[in-house]
There are 2 protein chains.
Amino acid sequence: MGSDMQLKGDARLNERLATSGFRFTPQRQHVYNVVMGKRDHPTVEEVFIRAKQGMPEISMATVYNCLDALVTCGLIKHVNLDRTATRYCPNMKEHCHFYCESCGEVFDVDYTAQGSQKGLKVPEGFRVKQYEVSLRGVCRNCEAKAGRG
Amino acid sequence: MGSDMQLKGDARLNERLATSGFRFTPQRQHVYNVVMGKRDHPTVEEVFIRAKQGMPEISMATVYNCLDALVTCGLIKHVNLDRTATRYCPNMKEHCHFYCESCGEVFDVDYTAQGSQKGLKVPEGFRVKQYEVSLRGVCRNCEAKAGRG
DNA sequence: CTAGGTGCAAAAGGTTTGCGGTTAA
DNA sequence: TTAACCGCAAACCTTTTGCACCTAG
């Protein structure tokens, strides 16, 4: 995984930023690489920590700015499942999120929409831009721990 | 709707609290009444403000405590759709939430599950306790405003 | 009686904002 | 050239915590 490709902007990011009226900056490219580089659901803090490796002078405010831009561009999604920090998800294909009430971790769950939106009675005049499914429960790890008491 | 009934605990609340190992307190009854009394999605702050009418000495910490207890008892749900404050929902029948990206308000949307969970590929060992659907977009009000420019 | 709950106030996150300097387009 | 963006630091808002007192069971 060439971490050198982050020096120049890749085409997709460049194009998306432009479309949404954002400038290309090395920070945005770097944050993009950091978030896409690991298939998990980092908080802003975690993105910040990872981003500092390879760009030590980057600031928290910039990480917020970059993540917001990437969300607006439709390149990542934000995930709010509890009252702690917002998390970010680099997986844009249809899936849903499992939130573990015990450890707070977020897992992707495969999901085929298969007409699930049919049951929705969205009132007249409302414009739906995103449909999202989430699950709460206990993950395998925590189940095992609980079992061992 | 007799606001006097809040003086003594109603049977359902009493029972649910006991089942989950909580004590009955006037504060919990009052917060319960406040949240159930209006079919919307108040923040903790909003619940606090409403609760002070009729119980002026109640504290923020207690409101948090009461809401947490009510959630644990399965009498209300918490709703996290953006990175601002957590909201609470008194509607426990199956429905989903529409979050307006423009004004931040949350609306209930009727919803019949009708096998929508079939498409889910929840990994082995995960225990699902709650299934939730949410929508993002622009509500009728904000659409109208945008239209008028 | 006493574990659990309350109110208060301070602390701890998480997020936003203001500002002077920098830079992509 | 200049509006957008950056880094820094302070402000802001939401949530949690510690503690002395109180109370439901």
Side-chain angles (χ1 to χ4, degrees), chain A residues 6-10 13-32 34 41-49 51-52 54-73 78-88 104 106, chain B residues 7-11 13-32 34 41-49 51-52 54-73 78-88 104 106:
Chain A
Q6 65 193 53
L7 298 174
K8 263 295 166 193
D10 66 55
L13 175 59
N14 235 308
E15 183 190 309
R16 294 288 194 101
L17 287 172
T19 302
S20 297
F22 292 107
R23 284 191 186 166
F24 173 89
T25 70
Q27 286 87 347
R28 283 176 179 157
Q29 179 70 59
H30 186 56
V31 167
Y32 178 69
V34 160
H41 304 86
T43 61
V44 181
E45 179 85 33
E46 285 160 358
V47 174
F48 180 52
I49 291 169
K52 278 197 289 194
M55 191 174 276
E57 71 290 358
I58 197 171
S59 74
M60 199 66 174
T62 297
V63 172
Y64 271 98
N65 174 329
C66 293
L67 289 170
D68 282 350
L70 295 176
V71 169
T72 302
C73 292
H78 50 159
V79 183
N80 288 98
L81 296 173
D82 64 351
R83 52 186 181 208
T84 71
T86 299
R87 294 176 171 280
Y88 291 85
V106 175
Chain B
L7 297 173
K8 262 298 167 188
D10 68 55
L13 176 59
N14 234 307
E15 183 190 309
R16 293 288 194 100
L17 287 172
T19 301
S20 297
F22 292 109
R23 285 190 187 167
F24 173 88
T25 70
Q27 286 86 348
R28 284 178 180 156
Q29 179 69 62
H30 186 56
V31 167
Y32 178 68
V34 160
H41 304 85
T43 61
V44 181
E45 180 84 31
E46 285 160 358
V47 174
F48 179 52
I49 290 169
K52 278 197 288 193
M55 191 175 276
E57 71 290 359
I58 196 171
S59 73
M60 199 66 174
T62 296
V63 172
Y64 272 98
N65 173 330
C66 294
L67 290 170
D68 281 351
L70 296 175
V71 169
T72 302
C73 291
H78 48 163
V79 182
N80 287 99
L81 296 173
D82 65 351
R83 55 185 180 209
T84 70
T86 299
R87 294 176 172 280
Y88 290 84
V106 175

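Quick note on labels: first sequence line is chain A, next is B, and so on, each numbered from 1. Model, not experiment: these values are computed from the prediction.
- Thr72(A) pairs by the side chain to side chain donor-acceptor pair (under 3.5 Å) definition with nothing, not counting sequence neighbours.
- Among residue pairs with one or both ends in residues 19-28 of chain A, those qualifying as side-chain hydrogen bond (donor to acceptor under 3.5 Å, both in side chains) are Arg28(A)-Asn65(A); sequence neighbours excluded.
- Shown here for Asp10(B) and Leu13(B), the closest heavy-atom pair between the two residues is OD1-N, 3.0 Å.
- The shortest distance between the side-chain N/O atoms of Gln27(A) and the OP1/OP2 oxygens of dT23(C) is not below 4.0 Å.
- One finds a side-chain N or O of Thr25(B) lying less than 4.0 angstrom from the OP1 or OP2 phosphate oxygen of dT6(C).
- We find the OG1-CD1 distance between Thr43(B) and Ile49(B) to be 7.0 Å, quoted to the nearest 0.5 Å.
- Atom P of nucleotide dT6(C) and atom CZ of Phe48(B) are separated by 14 Å, given to the nearest angstrom.
- We find the CG-CD distance between Asn14(B) and Gln29(B) to be 7.5 Å, quoted to the nearest 0.5 Å.
- Screening Val106(B), Thr86(B), Leu81(B) for a side chain to side chain contact (heavy atoms under 4.5 Å, CB included) with His41(B), the sole residue that qualifies is Val106(B).
- The NE2 atom of His30(B) sits 14 Å away from the C1' atom of dT6(C) (whole-angstrom rounding).
- Under the 3.5 Å distance criterion, the side-chain polar atoms of His30(A) are left unmatched by any main-chain donor or acceptor of Gly54(A).
- Between the CG atom of Leu67(A) and the C1' atom of dT16(C) there is a distance of 14 Å, given to the nearest Å.
- For Asn80(B) and dT15(C), the CG to P distance is 12 Å, given to the nearest whole Å.
- Residue Ile49(A) contributes atom CD1, which lies 14 Å from atom C1' of dG14(C) at whole-angstrom precision.
- Summarising the geometry, the separation between CG on Leu17(A) and P on dA24(C) is reported as 13 Å, rounded to the nearest angstrom.
- Taking CD of Glu45(A) as the start and CZ of Arg87(A) as the end, the distance is 11.5 Å to the nearest 0.5 Å.
- Between Arg28(A) atom CZ and dT23(C) atom P the separation is 15 Å, expressed in whole Å.
- The two atoms that bring Cys73(B) and Phe22(B) nearest to each other are SG-CD1, 3.9 Å, heavy atoms only.
- Between the OH atom in Tyr88(B) and the CG atom in Asn80(B) there is a gap of 8.0 Å [rounded to 0.5 Å].
- At the heavy-atom level, Thr86(B) lies under 4.0 Å from the strands shown only through sugar-phosphate atoms.
- Asp68(A) has its CG atom 16 Å from the P atom of dG14(C), to the nearest Å.
- With DNA chain C read from its 5' end, the first of the two nearest nucleotides for Cys66(B) and Met60(A) is the one closest to Cys66(B).
- With a heavy-atom cut-off of 4.0 Å to chain A, the contacted part of DNA chain D has its first and last nucleotide at dA3(D) to dT16(D).
- When the side-chain nitrogen and oxygen atoms of Arg83(A) are compared with OP1 and OP2 of dG13(C), none of them lie within a distance under 4.0 Å.
- Closest approach of Asp82(B) and Ala85(B) over heavy atoms only: OD1-O, 4.3 Å.
- Among the nucleotides dT6(C), dG14(C), dA24(C), the one closest to any side-chain atom of Phe24(A) is dA24(C).
- Residues that satisfy the salt bridge (Lys or Arg N to Asp or Glu O under 4.0 Å) test with Asp68(B), not counting sequence neighbours, are Arg83(A).
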Just the atom pairs and distances: protein N or O near nucleotides 8-10 of chain C's N or O, under 3.5 Å.
none

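- For the helix from dC1(C)-dG25(D) to dA25(C)-dT1(D), the rotation axes defined at the first and last 5 base pairs enclose an angle of 50°, given to the nearest 10°.
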